[in-house]
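The next block holds one structure in the form of structure tokens; read it before the comments.
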Amino acid sequence: MQEKYLPSEIEHAAQAQWTASQTYRARDDSDRPKYYCLSMFPYPSGRLHMGHVRNYTIGDVLARYHAMRGFNVMQPMGWDAFGLPAENAAIANNVPPAAWTYANIDHMRTQLQALGFAIDWSRELATCKPDYYRWEQWLFTRLFEKGVIYKKMATVNWDPVDQTVLANEQVIEGRGWRSGALVEKRDIPMYFFRITQYADELLSGLDNLPGWPERVKTMQANWIGKSVGVRLAFPYELDGSQDRLWVFTTRADTLMGVTFVAVAAEHPLATRAAQDKPELAAFINECKQGSVAEADMATMEKKGMDTGLKVAHPLTGEAIPVWVGNYVLMSYGEGAVMAVPAHDERDFGFAQKYALPIKPVIGVERETFSLDGWEEWYASKAGYCVNSGKYDGLGYEAAVDAIAADLAALKLGEKKTQFRLRDWGISRQRYWGCPIPIVHCDACGDVPVPAEQLPVVLPEDVVPDGAGNPLNRRADFVNCTCPTCGAPARRETDTMDTFVESSWYYARYACPDFDGGMLDARANKWLPVDQYIGGIEHAILHLLYARFFHKLMRDEGLVASDEPFVNLLTQGMVIANTYYRETPDGKKTWFNPADVVVDDSGARLKADGQPVIVGGIEKMAKSKNNGVDPQALIDLYGADTARLFTMFAAPPEQSLEWSDAGVEGAHRFLKRLWKLAYEHVQGGAVAAFAGGELPDAAKALRRQLHQTIHKVSDDIERRKQFNTAIAAVMELMNALAKLDGADAVTRSVRQEALEAAVAMLAPIVPHISEALFAELRPGVAMVWPTVDEGALVQDEIELMLQVNGKLRGQIRVAVAATREAVEAAALASEAVQKYLDGQAPKKVVVVPGRLVNIVV
RNA sequence: GCCGGGAUGGCGGAAUCGGUAGACGCAGCGGAUUCAAAAUCCGCCGCUGGUAACAGUGUGGGGGUUCGAGUCCCCCUCCCGGCACCA
């Protein structure tokens, strides 16, 4: 055995051996129980960052633990390879996104392999390869024919200078990231998945996911946002014809308090009114500036303008003015809202600003309405109707029922369940994505590409320039014939949202080589995924889309289960400071934390010593260049230290501000472990302790050993809290280092403890563990250690003594002592007597096995 | 703005079901070893007062429930994530 711990040597040897013997190949035909352990696949941005290391180490610990427990484990890996950063890199470096992406994949695969993850690389896939996306196109055509996918207009960010659609990320303070031009909203046709058809099932299905974190289920439920309300109409007459303005409200009980209605700038009524009113046309134009992001819409100043039009109140017939509001979203609900300033905060602010009437119609006992105190009760459903004619005195539910019934009788409304969730628009005016398999024919319309003509292959030699979708300029791609009539036709050049690819990759891993269809029978052998691991930032969008897609595939007969992921672990983000400099035209250049020094005088760039601006702590991301590269860590200390430190730094669900202070300690621990094993092995072979009498010190160590096995198993399997598992093994090793004695029986306990400790660390630090176990037990396979209940038995325990809840001492009592005996021993103790001062205690609380609290 | 989460020593964190606050590790300090340094080993280490024993105090801030609160309830501050075209 080597005296020194040489990580690079043992890690290379172990990895070479794993590759040679295909150790981590998942068997499709095994009769052992399956464990499908999946980590969210990475976007191939160039290099791994610490967030990846954290994610994939968590997955690897769980995969390796279950393998040691006898499961047939599948842990695959692939690449979420389409996306915007490749186009940005193309623009910056004049390389095709395909070449850039493939080079990144090669580099990152090497990095992942150097970390020693137990991945079945034979199942590797990349979403940008035609043999993957052809099946996505195939499903698209099926769903299009079924009507689950349809086409409608939708609003996007438009850069009028670059003549291109911008992602929300590319809109910075209302301006295009490259041109600096004011961004406008523009309506274009897009394809949509009818996810709202599945809203109820996506919501109720959350109840069948006990293995998901509550916070994720709450976020998804709120996102879907089921609300029961009333859809109702305000009749009006315009240009000689009768029409109705529809709105949706969850507060129909306040209908009598409506003092105006507000419509979106894009609403037909607004467009019509603007024809006669130039200042309104100008205002509508102003509303079209800015991004479509909801956060921007919600934080901007609320503005409006009177259209001059009036609609009739559906119950009273009173004339109600119609306003255009920049905060009303055309894409949500009816594109119009009724406004009740007395009982809605936003309406109240709007009414105050434009001096619109405020009419309170909800009363609360012992409260009279005043503008000062309105916040306390404006939204309360606990009040009753006032100033509401025949509805006076009714509570929330009774009022809604009565008003809905009256509206229904007038055919001006009905109760309706509405979802906040909107249909999923998937058209992207981008090159580097999966082509939408549609052909536009003048005679036949939008024709889905027949299965035998799939895939529609994306040309890989294109270099985008930031001005529109370059596919539009590729005649060889665009020009085609109509599959139905054979006439010359145009191919759709929009590509799909990359969330589509990431919504079904987990299923394709079961059968990545199948070329006869999207999935084969192996999918149902492996699905659902037993453990899914990924960042909390995916709590809503990705995880909701994947759940939706699973149901789509189920309804196509491709999978048998209802939900894709049984257990979900949402890893906290690895966050780091961001640093930037601003050019005179307001553009930001971001600097990596590794290139910046921070001291009392502020932050400066290492390269030129000049100051940089501190941009705040954010998740590691390519766009802000704050990802910390783990390679230096691996080069310096080895993969095991990087893995150990990442798992030791914080529990997995907690966000972690990156700092490598402390990594030395993780490395020191591995060196100490190696030294302990080395010194023991030098003493000659000895069998692990198998029974018999032990000296007290060895007995105490064995007790600690088996307590540790119990704790570590629980920490990994149930709690998924690896930092405390590692701490427990560290404590055990500290105790083992202090255990003296070279006699056979003590050495046998030491053998037992070392074997178990090395096995318990194996999921976390697999290379050193395999090397050490091979020295401790040559030729024997490492298995997870089992708890010897007999070793845990104790005769006496220590109880804490409290007086009035304050700690005042301890007593030792027999484990079997009765409550009365414990109470008597506590009262008799010196520590308690001192505080009792001769008086009788008011109360004595005994918590068995823990403490005695005496109240005086 | 809305939804979800978080805040504990100089630092990362522990305390699993309301019961010893600070496990484990980092940094720091003292010592051993060494010609010296690195490495290693031993010890100390929340704050205040005290030579000490010990006492008081302490889990972002304010209030409450309880024999007992880091943990439960109410209010507030700040930080992180998401907000539908970053992935």
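Just so it is clear, the structure is predicted and the values come from calculations on it, not from any experiment. Throughout, protein chains are lettered first and strands after them, A, B, ... in sequence-line order, and every chain is numbered starting at 1. Side chains included, hydrogens not; waters and symmetry mates left out as well; all remaining heavy atoms used.
- The base of B:U16 lies close enough to the side chain of A:K711 for a donor and an acceptor atom to sit less than 3.5 Å apart.
- Note: A:F549 and A:W424 have perpendicular aromatic rings, judged against thresholds of 30 and 60 degrees for the angle between ring planes.
- Nucleotide B:C67 carries an anti base; the chi torsion (O4'-C1'-N9-C4 or O4'-C1'-N1-C2) is more than 90° from 0.
- In this structure, A:R346 forms no cation-pi arrangement with A:Y327, as its terminal cationic atom is not both closer than 6.0 Å to the ring centre and no more than 45° off the ring axis.
- A:Y835 comes within contact range of the sugar-phosphate backbone alone, with a heavy-atom separation under 4.0 Å but no base atom that close.
- Base engagement by A:V845 is indicated by at least one non-hydrogen atom pair under 4.0 Å involving a base atom.
- Residue contacts for A:V156: at a heavy-atom cut-off of 4.0 Å it reaches a base atom on one of the strands shown.
- For B:C85, its base never sits under 3.5 Å from the side chain of A:Q170 at any donor and acceptor pair.
- In this structure, B:G9 shows a glycosidic angle within 90 degrees of zero, which is the syn conformation.
- Ranking B:G1, B:G13, B:G81 by closeness to the A:A650 side chain, first place goes to B:G13.
- With hydrogens and angles ignored, no donor-acceptor pair under 3.5 angstrom links the side chain of A:R672 to the base of B:U40.
- Picking from B:A87, B:U16, B:A23 the nucleotide with the shortest atom distance to the side chain of A:L541 gives B:A87.
- Remark: B:G68 base-pairs with no nucleotide in the shown strands. Criterion, Watson-Crick or G-U wobble with two distances under 3.5 Å.
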